[in-house]
Amino acid sequence: MRRGMTKAQEIAYDLREQIQSGRLVGGEALPSESKMMSQYGYSRETIRAGVRLLIEEGLVVTGQGQGKYVREDYPPVVWNWTTLESRSRHATAVEGRTAGDQWASVIAENGNAPRQDITVSIVEPPTHVRECLELPPDGLAVARKRVRYIDNRPYALADSYFPQELVTGTPLMEPRDVSAPGGILASVGLVQAKYRDEISVRMPTRQEAELLALPAATPIAEHTRTGYDADGRPLRCMVTILPGDRHKILYEVSTD
């Protein structure tokens, strides 16, 4: 036993070192409990306690049946939120020049395959969205909810909310990818002149974890962007859920 460690901590230490050194790679099954019992000379319950420590750290996940596997790495996506929704990028979001909306365009430009599952509904928005859109207590919003996939792996959730009276009858009511030069809102006379961003980091809800197939101990970043017209009227609130194991957010900020 390593000095100062419990038996379970020793098992976790050895397995952790194998994972970090690459001797156990992402997606590979851990040795069976019987094999580890023989290797360490400890009881089954002690072996399980050691593996449980790595599950709590997020290094090991539970597969079908009783199998335990090394957590797979997701290739990271870098989001430059400074330019992602700029007018210059919106101007090229037309069929034949990009892959659809701007998110899909960025993914396709990087050589990957984007896909989105989209639903559209009229809802009573969450409290923080209602506040961002400055809706009355009984105000309704059109919600475009998307699960975003890269190479058929779930990467993010992106829910956009619009005041119902602004977008009824527009393409934003269609449950599919829609785009237009300058952006759909701009194409119907609703030009976003500025954005306000909020970023919080937290653990996911059960629904978020299920939709994104998140292993245990995976924090998420919640990015809320509210778009305003030139008069300061809120036009859209987009809430994006970005798992911490597959995203990097980049900002470029002027010192002026």
Side-chain angles (χ1 to χ4, degrees), residues 79-109 114-149 156-200 222-242 249-254 256:
W79 296 112
N80 188 337
W81 284 100
T82 309
T83 60
L84 182 61
E85 295 197 305
S86 65
R87 284 201 181 91
S88 61
R89 289 195 64 87
H90 265 308
T92 63
V94 293
E95 187 176 356
R97 297 179 64 184
T98 70
D101 75 3
Q102 290 197 53
W103 171 82
S105 301
V106 170
I107 299 305
E109 288 168 3
R115 178 170 67 84
Q116 302 188 85
D117 289 346
I118 302 173
T119 60
V120 178
S121 58
I122 298 173
V123 302
E124 293 183 0
T127 299
H128 74 288
V129 172
R130 174 181 288 109
E131 292 171 351
C132 289
L133 292 177
E134 300 176 9
L135 295 175
D138 59 348
L140 298 177
V142 172
R144 289 180 59 84
K145 298 191 174 186
R146 292 157 290 184
V147 182
R148 289 175 157 170
Y149 297 83
L157 307 177
D159 298 344
S160 292
Y161 297 86
F162 309 85
Q164 181 185 8
E165 67 275 9
L166 294 184
V167 299
T168 297
T170 73
L172 290 169
M173 301 296 296
E174 302 173 17
R176 62 184 180 91
D177 280 340
V178 292
S179 60
I184 292 295
L185 280 175
S187 73
V188 296
L190 301 170
V191 178
Q192 296 178 95
K194 69 174 183 178
Y195 300 120
R196 179 177 183 270
D197 284 356
E198 301 173 46
I199 299 175
S200 60
E222 179 178 296
H223 176 275
T224 301
R225 170 167 285 189
T226 307
Y228 302 85
D229 65 15
D231 296 324
R233 177 179 58 163
L235 303 178
R236 181 200 65 165
C237 179
M238 182 169 70
V239 181
T240 305
I241 303 300
L242 304 169
I249 300 174
L250 171 67
Y251 277 92
E252 297 175 5
V253 181
S254 172
D256 294 338

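Residues: numbered from 1 along the sequence shown.
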Between R144 (side chain only) and L172 (backbone N and O only), is there a donor and an acceptor less than 3.5 Å apart? yes
Would you check if W79 and V106 make a side-chain contact, meaning some heavy-atom pair closer than 4.5 Å? yes
Find out whether H128 and T224 are in side-chain contact, i.e. whether some heavy atom of one side chain is under 4.5 Å from a heavy atom of the other. yes
With salt bridge (Lys or Arg N to Asp or Glu O under 4.0 Å) as the rule and sequence neighbours excluded, what pairs involving residues 183-198 come up? R196-E198, D197-R225
Residues Y228, Q192; criterion side chain to side chain contact (heavy atoms under 4.5 Å, CB included); working and verdict: CA-CA 5 Å; Y228 302 85; Q192 296 178 95; over 6 Å; no
Does the side chain of L190 come within less than 4.5 Å of F162's, by heavy atoms? no
Compare every heavy atom of P125 with every heavy atom of V129, then report the nearest pair and how far apart it is. CG1-CB, 3.8 Å
Throw together a table of side-chain donor-acceptor distances under 3.5 angstrom for residues 232-239, partners on residues two or more places apart or in other chains.
residue	atom	partner	partner atom	Å
R233	NE	D229	OD2	3.1
R236	NH1	E85	OE2	2.9
R236	NH2	E85	OE1	2.7
R236	NH2	E85	OE2	3.2

Taking the side chain as every heavy atom from C-beta outward, state whether I199 and E222 have any atom pair closer than 4.5 Å. no
If you count the non-hydrogen atoms of other residues, nucleotides and ligands that lie under 6.0 Å from CD in E124, is the total more than 12? no
Does the side chain of R146 reach to within under 4.5 Å of the side chain of L157, using non-hydrogen atoms? no
Could you give the distance from CD (Q116) to CD1 (I107), rounded to the nearest 0.5 Å? 9.5 Å
Could you walk me through whether T170 and L185 pass the side chain to side chain contact (heavy atoms under 4.5 Å, CB included) check? CA-CA 9 Å; T170 73; L185 280 175; over 6 Å; no
Are P114 and Y149 close enough that some pair of their side-chain heavy atoms sits under 4.5 Å apart? no
Side chains of T240 and W81 in contact at under 4.5 Å (non-hydrogen atoms): yes
Kindly give the heavy-atom pair with the smallest separation between V178 and E174, and that separation in Å. CG1-OE1, 3.9 Å
Could you tell me the separation between the CZ atom of R148 and the CD1 atom of I118, rounded to the nearest 0.5 Å? 8.0 Å
So CD1 of I122 and CG of L140: to nearest 0.5 Å the spacing works out to 7.0 Å
Please find the pair of heavy atoms, one from M173 and one from V120, that lie closest to each other, and give the distance. O-CG1, 3.6 Å
Residue pair V142 / Y161, side-chain heavy-atom distance below 4.5 Å: no
